[in-house]
Amino acid sequence: MKEGKVEEVLIKQRREKMKKLLEKGVKLYPNDFKPTHTVGDVKSQFGDKGEEELASLNKNFCLAGRIVALRRFGRAAFIHFQDATGKLQAYFKQDVLGKERYEIFKLLDIGDIIGLCGELFCTKTGELTLLVKDFKLLTKSLRPLPEKYHGLKDIELRYRQRYLDLIVNPESRERFLKRTKIIQFVRQFLIDRDFLEVETPMMQVIPGGALARPFDTYHHALGIKLFLRIAPELYLKRLLVGGFDRVFEINRNFRNEGIDLDHNPEFTMLEFYQAYATYEDLMDLTEKLFSELARTVLGTTKVTYQGQEIDFSPPFKKLDFRKSLIEVGGLSEQMLVNAQATVDYAKKLGAKLRPGEGVGKALAKLFEKLVEPRLIQPTFVVGYPVEVSPLARRNDRNPDITDRFELFIAGKEVANGFSELNDPDDQRRRFLQQMEMRKGGDEEAHLIDEDYITALEYGMPPAAGEGIGIDRLVMIFTDAPSIRDVILFPHLRPEKDSEAKQE
RNA sequence: GGGCCGUUGGCUCAACUGGUAGAGCAACGGACUCUUAAUCCGUAGGUUGCAGGUUCGAGUCCUGCACGGCCCA
């Protein structure tokens, strides 16, 4: 971070205060203060109590938090301090504290973390306030916080110094609290349905389970190249082979791709697998999950996302993949029956199709461009081409498509699920097709995983599985325009200064 | 990777067609014992992202670079 001269002066001033505090025998970073209450406790218990009621309490409260506002006048002052649960006002008076303690109080700054003990009362204006009888500096802050009224607006600083964003922008803090609530709800929803939470490798020898470019790394002791996982799918399905009939994992995936409003190189994914279920069962389950999630976390099934109302009450719309290209994408029937015409049109719209790549890939590209952004209300799209679904079960009536769905909300792909392919011979053929594409230059084509095929040869029960992009889900539920708004520390290019420091 | 836009005290923002870089908050000094964007008086704080160029003169125009945002690939 660049450090201007002015900032250095501000820091120096605070260091001077530290010196004075030390001279008065004040410890700067003690760790022996135990709060008896949080701001949330106090507010929920006494927030609506009247003056007399508070006065008759005659009880001592100890709280701790960061000073975020300071209004001094002579020998008294009001501050606001905040802890993890909220903000509370406190009143410092020389009468109460004595001259010596009040002199120490005067050396405190906005940003300092303090412990406060005292009684609750109600101010003239009706605000619940702690009358401070004793206080203790817990951590001295050396740097000035961003402005109290406007907060921190600079988007780059908000990402790079998220802790500042969290201190001064309540809506950011709320958003991340909501993220946690969402994940907790999803986890409990699955646990309640007898799903077993498991952890599978983040580092894999063969990165599989999705069509994406991986990050690679090296394990020195083993002397092998490893890849950060792009999906946990193939490991979770090995667990189905092992007899865990319902499993799930909520964890990070890593994909070596560009960054935009909907993509971060590491993102959080839920994947779950259920033996003896079909993709249709999972669509039902997904509707239930999303609508209950909305009701629990937001208190309503109608959500406003970027100005558009989204209704999570079931049932969700279902749309056939091919039909969606005509009805939503505006393509003609004639074009879709003519493979060459389809491919040509996809190319015309800017899709890069390599020589080996067929009509399935072209359709997927057309869908991505013409249909996906228009699916605002929760919509299941079903009937994806086999070519782009190498791990999904083939449809019994139409062998060109799979028993697969994707769920779109607000123009974003939020979930992807299918009946699992458990025929080891078909799986091998699919892998081989993918290898052909890879030879044709498709770096995202799936690699052959012989060990996984071996597992299938032992027999995997018929099953269905699904992945849900947690970050996008949180975006929609918190009205966040960018995935970076729902990831605490999104990836940015390092600043030049810090790069120099590393060397 | 390409296009467009942005970068001004710690923070939030001003500065017309090129003509002495300003304000609020925060800070510092002072007054003030129920304030809440406290108030009042005073003070200080800037290599306008970086490097070049044009010009008598550049925050402003031009070129390159860095970082960020949006759009496209």
Side-chain angles (χ1 to χ4, degrees), chain A residues 1-17 20 51 54-55 67-82 87-99 101-102 105-112 118-132 141-161 163-165 167-170 257-263 306 346-353 365 368-369 373 411 481-485 490-500:
Chain A
M1 189 158 330
K2 65 178 175 190
E3 261 169 46
K5 280 187 189 145
V6 178
E7 193 170 19
E8 276 171 35
V9 169
L10 293 171
I11 292 170
K12 211 177 225 171
Q13 284 171 352
R14 290 192 175 209
R15 287 197 182 273
E16 287 299 321
K17 288 185 184 175
K20 285 186 191 160
E51 214 169 316
L54 289 173
I67 300 175
V68 292
L70 197 46
R71 293 178 292 280
R72 282 193 248 250
F73 24 88
R75 287 166 218 77
F78 284 97
I79 71 160
H80 272 99
F81 68 101
Q82 73 182 17
K87 243 187 246 187
L88 188 72
Q89 182 169 257
Y91 188 32
F92 287 75
K93 263 173 111 168
Q94 185 167 292
D95 286 358
V96 175
L97 291 163
K99 186 148 198 241
R101 300 293 294 150
Y102 198 79
F105 165 73
K106 285 211 263 187
L107 290 168
L108 299 185
D109 288 300
I110 292 173
D112 290 352
E119 289 175 9
L120 291 172
F121 75 106
C122 199
T123 62
K124 268 183 193 167
T125 50
E127 182 168 350
L128 183 68
T129 301
L130 187 77
L131 175 65
V132 179
S141 169
L142 288 172
R143 291 173 182 269
L145 286 178
E147 205 229 3
K148 61 180 174 185
Y149 188 59
H150 298 92
L152 185 63
K153 289 214 166 148
D154 185 315
I155 221 166
E156 188 177 346
L157 286 182
R158 289 178 65 180
Y159 296 153
R160 286 196 200 277
Q161 294 178 276
Y163 46 93
L164 293 180
D165 183 37
I167 291 170
V168 302
N169 294 332
E257 294 161 353
I259 296 174
D260 64 30
L261 290 179
D262 293 315
H263 295 87
Q306 302 294 295
K347 281 186 180 164
K348 200 180 144 198
L349 287 184
K352 286 182 295 188
L353 289 171
K365 296 270 187 193
E368 213 175 287
K369 242 192 157 65
S482 166
I483 195 168
R484 276 170 249 182
D485 298 326
H491 287 283
L492 295 181
R493 211 181 279 272
E495 290 171 295
K496 232 185 179 178
D497 294 5
S498 60
E499 234 174 345

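This is a predicted model, so every value here is computed, not measured. So that the names make sense, note that chain A is the first sequence line, chain B the second, and so on, each numbered from 1.
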Exercise for review: Assign A:Lys153 to base, sugar-phosphate, or nothing according to its heavy-atom contacts below 4.0 angstrom with the strands shown.
Suggested key: sugar-phosphate
Review point. Mind checking the P distance from B:A23 to B:G9? Whole angstroms is fine.
Key: 15 Å
Review point. How long is the gap from CD on A:Glu127 to CG on A:Leu88, to the nearest 0.5 Å?
Key: 7.5 Å
**Study point:** Paired nucleotide for B:A23 [Watson-Crick or G-U wobble; both distances under 3.5 Å]
**Key:** B:U12
Point to revise | Distance between C1' atoms of B:C34 and B:U60 (Å, rounded) | key: 49 Å
**Study point:** Separation of the P atoms in B:C5 and B:C61, to the nearest angstrom
**Key:** 11 Å
Review point. When all nucleic acid strands are considered with a 4.0 Å heavy-atom cut-off, which category describes A:Lys369: base, sugar-phosphate, or nothing?
Key: sugar-phosphate
Check your understanding: With a non-hydrogen cut-off below 4.0 angstrom, is A:Leu164 in contact with a base, only sugar-phosphate, or nothing?
Key -> nothing
Point to revise | Whole-Å gap separating P (B:A27) and CD1 (A:Ile110) | key: 5 Å
Review point. Step by step, would you call A:Tyr91 with A:Thr123 a side-chain contact (heavy atoms from CB on, under 4.5 Å)?
Key: CA-CA 9 Å; A:Tyr91 188 32; A:Thr123 62; over 6 Å; no
Point to revise | Nearest-angstrom distance from the residue atom CD of A:Gln161 to C1' of B:C11 | key: 11 Å
Check your understanding: Under 4.0 angstrom, heavy atoms only, what part of the nucleic acid is A:Arg160 near: base, sugar-phosphate, or nothing?
Key -> sugar-phosphate
Revision key, fill the gap. Winner on side-chain proximity to A:Leu261, out of B:A26, B:C34, B:C71, is B:C71
Practice item. Report yes if a donor N or O on one partner sits less than 3.5 Å from an acceptor N or O on the other, where the partners are the side chain of A:Gln89 and the base of B:U35; otherwise report no. Key: yes
Review point. Okay, side chain of A:Asp165, backbone of A:Leu152: is any donor-acceptor separation there less than 3.5 Å?
Key: no
Study note, to complete from the structure: On RNA chain B, more 5' by nearest nucleotide between A:His491 and A:Asp154 is A:Asp154
Exercise for review: Give the rounded distance in Å between these two atoms: NZ of A:Lys12 and P of B:G10.
Suggested key: 15 Å
**Study point:** Rounded distance (Å) that lies between atom P of B:A27 and atom CG of A:Leu108
**Key:** 12 Å
Check your understanding: For B:A66, which nucleotide is its Watson-Crick or G-U wobble mate, given both distances must be under 3.5 Å?
Key -> B:U7
Check your understanding: Mind checking the P distance from B:G49 to B:U12? Whole angstroms is fine.
Key -> 14 Å
Check your understanding: If we take the P atom in both B:G42 and B:A66, what is their distance in whole Å?
Key -> 48 Å
Practice item. To the nearest Å, give me how far apart NZ (A:Lys106) and P (B:A31) are. Key: 8 Å
Check your understanding: What does A:Gly151 touch in the nucleic acid at a heavy-atom separation under 4.0 angstrom: a base, only the sugar-phosphate, or nothing?
Key -> sugar-phosphate
Practice item. Report which part of the nucleic acid A:Leu145 touches: base, sugar-phosphate, or nothing (heavy-atom distance under 4.0 Å, all strands). Key: nothing
**Study point:** Candidate nucleotides B:C70, B:C28, B:A26, ranked by approach to the side chain of A:Ser482 - the nearest
**Key:** B:C70
Review point. Contact class for A:Lys17 vs. all strands (heavy atom < 4.0 Å): base, sugar-phosphate, or nothing?
Key: sugar-phosphate
Practice item. Have a look at A:Phe121 and say if it touches a base, only the backbone sugar-phosphate, or nothing, with a 4.0 Å heavy-atom cut-off. Key: base
**Study point:** A:Ile155 side-chain proximity, nearest of B:G68, B:C34, B:A27
**Key:** B:G68
Exercise for review: Rounded to whole angstrom, note down the C1' distance from B:G29 over to B:A44.
Suggested key: 10 Å
Review point. Pick the nucleotide of RNA chain B nearest each of A:Leu349 and A:Arg493; which residue has the one closer to the 5' end?
Key: A:Arg493
Check your understanding: Hey, is the side chain of A:Arg71 pairing donor to acceptor with the base of B:U35 inside 3.5 Å?
Key -> yes
Exercise for review: Would you check if A:Asp260 and A:His263 make a side-chain contact, meaning some heavy-atom pair closer than 4.5 Å?
Suggested key: yes
Review point. Does a donor on one side chain and an acceptor on the other come within less than 3.5 Å for A:Gln161 and A:Tyr163?
Key: yes
Point to revise | Protein-nucleotide distance (A:Arg14, atom CZ; B:G10, atom C1'), rounded to Å | key: 10 Å
**Study point:** Listed nucleotide nearest any side-chain atom of A:Val6, set B:G9, B:C28, B:C25
**Key:** B:G9
Exercise for review: Please answer whether B:C32 and A:Phe73 are stacked, defined here as ring centres separated by less than 5.5 Å and planes angled under 30°.
Suggested key: no
Revision key, fill the gap. For B:G18, the nucleotide meeting Watson-Crick or G-U wobble distances (both under 3.5 Å) is none
Review point. Can you check the A:Leu70 CG to B:U39 C1' distance for me, whole Å?
Key: 15 Å
Review point. Tell me, do A:Gln94 and A:Lys106 make a side-chain contact under 4.5 Å, heavy atoms counted?
Key: no
Practice item. Answer yes or no: is there a side-chain heavy-atom contact under 4.5 Å between A:Arg143 and A:Arg14? Key: no
Practice item. Quote, to the nearest angstrom, the C1' distance that separates B:C40 from B:G52. Key: 49 Å
Point to revise | A:Phe105 six-ring face occupied by A:Arg72 cation (under 6.0 Å, within 45°) | key: yes
Practice item. Would you mind pulling out the nucleotide paired to B:G57, Watson-Crick or G-U wobble, both distances under 3.5 Å? Key: none
**Study point:** B:G1 - base-pair partner by Watson-Crick or wobble geometry, distances under 3.5 Å
**Key:** B:C72
Check your understanding: Among the nucleotides B:G68, B:G46, B:U33, which one has an atom lying closest to any side-chain atom of A:Arg75?
Key -> B:U33
**Study point:** B:U33 pairs with, by Watson-Crick or G-U criteria that keep both distances under 3.5 Å
**Key:** none
Check your understanding: Between B:A14 and B:C71, how far is it from one C1' atom to the other, in whole Å?
Key -> 29 Å
Study note, to complete from the structure: A:Arg143 atom CZ is separated from B:A27 atom P, nearest whole Å, by 17 Å
